[in-house]
Amino acid sequence: MQAALEITLRYCHKETEQYGRCVAANPSSWQLDCHQLKLDMAKCTSSHPIVQKIRRDCAEPFIAFEECLKTNQSSSIKCSEHLQKFLLCADQVKLNT
């Protein structure tokens, strides 16, 4: 699985699961209904160095993906290309040791 998702699942499993369930249960209103869960997940992951590096290095494709989701709230499948670009970027990020 992609590096960003693996880190998120590894260190923030509970938050990721709750957010994912909320999004799946609210396909047309997830942005409002799941906002606090999104914040909780972001807070959890923000302290991990690889996630911080992915956020810096892949900000542009991630912003494009989020904008697509905002535009297509009732049909997030239309954003799969944006998601793939972000995940490809995240897979290439390495933490310098």
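- The heavy-atom pair separating Asp33 from Cys22 by the smallest distance is O-SG, 3.7 Å.
- Annotation: the span from Ser80 atom OG to Lys85 atom NZ amounts to 11.0 Å, rounded to 0.5 Å.
- The pair Lys70-Glu67 meets the salt-bridge criterion, since a charged nitrogen lies less than 4.0 angstrom from a carboxylate oxygen.
- How far NE2 of His13 is from CD of Gln18: 9.5 Å, rounded to the nearest 0.5 Å.
- Taken to the nearest 0.5 Å, the CZ atom of Phe62 stands 14.0 Å off from the CG atom of Asp57.
- Annotation for Ala24 and Pro27: closest pair O-CD, 3.8 Å, computed over non-hydrogen atoms.
- Going from atom CD of Glu66 over to atom CG of Leu83 covers 11.5 Å, rounded to the nearest 0.5 Å.
- For the atom pair CZ (Arg56) and SG (Cys58), the distance works out to 10.5 Å, reported to the nearest 0.5 Å.
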With side-chain contact (heavy atoms from CB on, under 4.5 Å) as the criterion, how do Trp30 and Leu37 come out once you've worked through the C-alpha distance, each side chain's angles and the decisive distance to 0.1 Å?
CA-CA 10 Å; Trp30 65 269; Leu37 293 172; over 6 Å; no
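- In terms of heavy-atom proximity, Met41 sits nearest to Glu15 at CA-CB, 3.8 Å.
- With rounding to the nearest 0.5 angstrom, the NE2 atom of His35 is 10.0 Å from the OH atom of Tyr19.
- For the residue pair Ala42 and Arg55, the shortest heavy atom distance occurs at O-NH2, 3.5 Å.
- Contact record, Cys34 with Val23: SG-N, 3.5 Å, taken as the closest heavy-atom pair.
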